[in-house]
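Contents: one structure, followed by commentary.
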Amino acid sequence: MKTSFTVLILLLASTSFSQNYKMAIGFKGGYPGYGSLNAKKSISNSDYLEASIGGFGRNSYSTGFHVQLDYERMQALEDGFSFYYGGGVLLGLTSSFVHLAPKALLGLEYNFEDLPLNISIDTGPYLFVSPKIGSIWGGGLALRYAIR
């Protein structure tokens, strides 16, 4: 009984820390923001801030650049794999419009044990409030160098 309790405590303690890096820097591609520089910073054991800046495109609005900032809550699944969810905001600028959209996201992340490499994929809705109200479904794939 005592051994089972100790194993349970160690198992719970190991899953409470969802990631093993303080910051990760790299690139993220996807829609509506493509070709982005990307950084993800740990603010607690399970909370992260992610920022992207790069190219931007929406149908019939031309192309430009964007900035996205997301708050994410991580939950460990297995060795190296984590599930995350959160929300954020996108600010995009094209030739004649300012685009503003709150967003929600859901994603998976994998951290390689032997390499300082982090890969993630996420998806979710964007609710544009400028230049006109509308919604799209977006997502992205990120590859980052993890600073532990």
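Since the model is a prediction, treat every value here as computed from it, not as a measurement.
The nearest pair of heavy atoms linking Leu106 to Tyr85 is CD1-CB, 4.1 Å. Minimum heavy-atom separation, Ser42 to Ser44: OG-O, 3.0 Å. The two atoms that bring Ala51 and Leu69 nearest to each other are CB-CD1, 4.1 Å, heavy atoms only. Of all the heavy atoms in Pro102 and Val129, the pair that sits closest is CD-CG1, 4.5 Å. Here the closest non-hydrogen pair linking Gly138 and Pro32 is CA-CD, 4.4 Å. When every heavy atom of Tyr84 is checked against every heavy atom of Ile121, the shortest pair comes out as OH-O, 3.7 Å.
No single ILVMFWY cluster, assembled from side-chain heavy atoms under 4.5 Å apart, contains both Phe56 and Leu37. Transitive grouping of hydrophobic side chains (ILVMFWY, heavy atoms separated by less than 4.5 Å) keeps Met23 and Ile43 in distinct clusters. Following chains of ILVMFWY side-chain contacts shorter than 4.5 Å, one can reach Leu141 starting from Phe83, so the two form part of one hydrophobic cluster. Residues Phe27 and Ile53 fall within the same hydrophobic cluster, defined by Ile, Leu, Val, Met, Phe, Trp and Tyr side chains chained together at heavy-atom separations under 4.5 Å.
Between the His66 side chain and the Gly55 main chain, a donor and an acceptor come within less than 3.5 Å of each other. The closest donor-acceptor contact from the side chain of Ser120 to the backbone of Leu108 lies at 3.5 Å or more, if one exists at all. Ser130 places no side-chain N or O within donor-acceptor distance of the main-chain N or O of Lys132, the cut-off being under 3.5 Å.
With sequence neighbours excluded, the residues satisfying salt bridge (Lys or Arg N to Asp or Glu O under 4.0 Å) with Glu72 are Lys40. Applying the ring-ring contact (aromatic ring centres under 6.0 Å, His included) criterion to Tyr126, with sequence neighbours excluded, gives no partner residue.
The CZ atom of Phe65 sits 7.0 Å away from atom CG of Leu91, with the distance rounded to the nearest 0.5 Å. Between the NZ atom in Lys41 and the NZ atom in Lys22 there is a gap of 8.0 Å [rounded to 0.5 Å]. One finds the CG atom of Leu90 at 12.0 Å from the CG atom of Leu127 (value rounded to the nearest 0.5 Å). Separating the CG atom in Asp47 from the OH atom in Tyr71 is a distance of 3.0 Å, to the nearest 0.5 Å. Note that CZ of Arg73 is 4.0 Å distant from OG of Ser46, once rounded to the nearest 0.5 Å.
Ring planes of Phe128 and His99: perpendicular class, angle over 60° (limits at 30 and 60°).
For Tyr34, the OH atom is densely surrounded, since the number of other residues' heavy atoms within 6.0 Å is greater than 12. In the displayed structure, Leu115 atom CG is contacted under 6.0 Å by more than 12 heavy atoms of other residues, nucleotides or ligands.
Considering Phe112, Tyr48, Tyr110 in turn, Tyr48 is the only one that fulfils the ring-ring contact (aromatic ring centres under 6.0 Å, His included) rule with Tyr21. The only member of Ile25, Leu117, Asn118 that meets side chain to side chain contact (heavy atoms under 4.5 Å, CB included) when paired with Arg144 is Asn118.
The closest side-chain donor-acceptor pair between Gln68 and Lys103 falls under 3.5 angstrom.
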